[in-house]
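Worksheet for the structure shown next.
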Amino acid sequence: QVQLVESGGGLVQAGDSRRLACAASGGTFSRYFMGWFRQAPGKEREFVAAISQDGVNIYYKESVKGRFTISRANAQNTVYLQMNSLKPEDTAVYYCAASLRDMGVMTVRTYDYWGQGTQVTVQV
């Protein structure tokens, strides 16, 4: 059983930066492919970024490429999402997720564990 807790969300202005963190416990963190997803009001949960167990393979949603950076610190059981140049359309609840699988890592249903989410609101 794995527990994931996101932190770092809040209210920001367009163009600002924010770093989200996801702290994991209850499992061997280095065994999991980690992902970030987000869900805006009235929309489906969507893939944002993912990173492999060793940090070598990284994937991003097209609209966040060049602005967001996913990273992990296995020794600290933590995955991060650095968000730069934030836009109003980035407003959503951001969720951290963990998967034992290497396949389908951009798909919600692939992930075994989810955090509670942290709200990021970007205002003009």
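Just one residue in the list Glu6, Glu46, Glu44, Glu89 forms a salt bridge (Lys or Arg N to Asp or Glu O under 4.0 Å) with Arg38, and that residue is Glu46.
Annotation for Glu62 and Lys65: closest pair OE1-NZ, 3.1 Å, computed over non-hydrogen atoms. Nearest heavy atom pair, residue Arg67 against residue Ser63, reads NH2-O, 3.1 Å. Residue Ser17 comes nearest to Asn84 through the heavy atom pair OG-OD1, 2.9 Å, listed as atom of the first residue, atom of the second, then distance. Residues Leu4 and Ala24 share a closest heavy-atom pair of CD2-CB, 3.6 Å. Taking every heavy atom of both residues into account, Tyr60 and Ala49 meet most closely at CD2-CB, 3.6 Å. In terms of heavy atoms, Val120 sits closest to Met83 at CG2-CE, 4.0 Å.
The line from OG of Ser52 to CG of Asp102 is 7.5 Å long, rounded to the nearest 0.5 Å. Taking CG of Asp54 as the reference point, atom CZ of Arg72 lies at 8.0 Å (rounded to 0.5 Å). Atom CE of Met34 and atom OG1 of Thr78 lie 9.0 Å apart (nearest 0.5 Å). A distance of 11.0 Å separates CG in Asp90 from OG1 in Thr121, rounded to the nearest 0.5 Å. Rounded to the nearest 0.5 Å, atoms CZ (Arg45) and CH2 (Trp114) are 5.0 Å apart.
Residues Val48 and Val12 share a hydrophobic cluster, clusters being chains of Ile/Leu/Val/Met/Phe/Trp/Tyr side chains in contact below 4.5 Å. In the hydrophobic clustering of ILVMFWY residues, with side-chain heavy atoms under 4.5 Å counting as a link, Phe29 and Phe33 come out apart. If you chain together hydrophobic residues whose side chains sit under 4.5 Å apart, Val105 and Leu100 never meet in one group. In the hydrophobic clustering of ILVMFWY residues, with side-chain heavy atoms under 4.5 Å counting as a link, Val2 and Ile70 come out together. In this structure, Leu81 is not a member of the same hydrophobic cluster as Met106, with clusters built from ILVMFWY side-chain heavy atoms closer than 4.5 Å.
The closest donor-acceptor contact from the side chain of Asn74 to the backbone of Gln53 lies under 3.5 Å. Of the possible polar contacts, one joining the Ser99 side chain to the Arg101 backbone as a donor-acceptor pair under 3.5 Å is found.
In terms of the salt bridge (Lys or Arg N to Asp or Glu O under 4.0 Å) criterion, Arg18 has no residue partners (sequence neighbours excluded). Under the rule for a ring-ring contact (aromatic ring centres under 6.0 Å, His included), the partners of Phe47 that lie at least two apart in sequence or sit in another chain are Phe37.
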Verdict with supporting geometry, Gln119 and Thr91, side-chain contact (heavy atoms from CB on, under 4.5 Å): CA-CA 8 Å; Gln119 176 72 45; Thr91 295; 4.0 Å; yes
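Residues Trp36 and Cys96 meet the side-chain proximity criterion, which asks for heavy atoms closer than 4.5 Å. Side-chain contact between Phe68 and Leu20 is absent, with no heavy-atom pair separated by less than 4.5 Å.
The ring pair (Phe, Tyr, Trp, His ring centres under 6.0 Å) pairs that include a residue from residues 80-105 number zero, where partners must be two or more places apart or lie in different chains.
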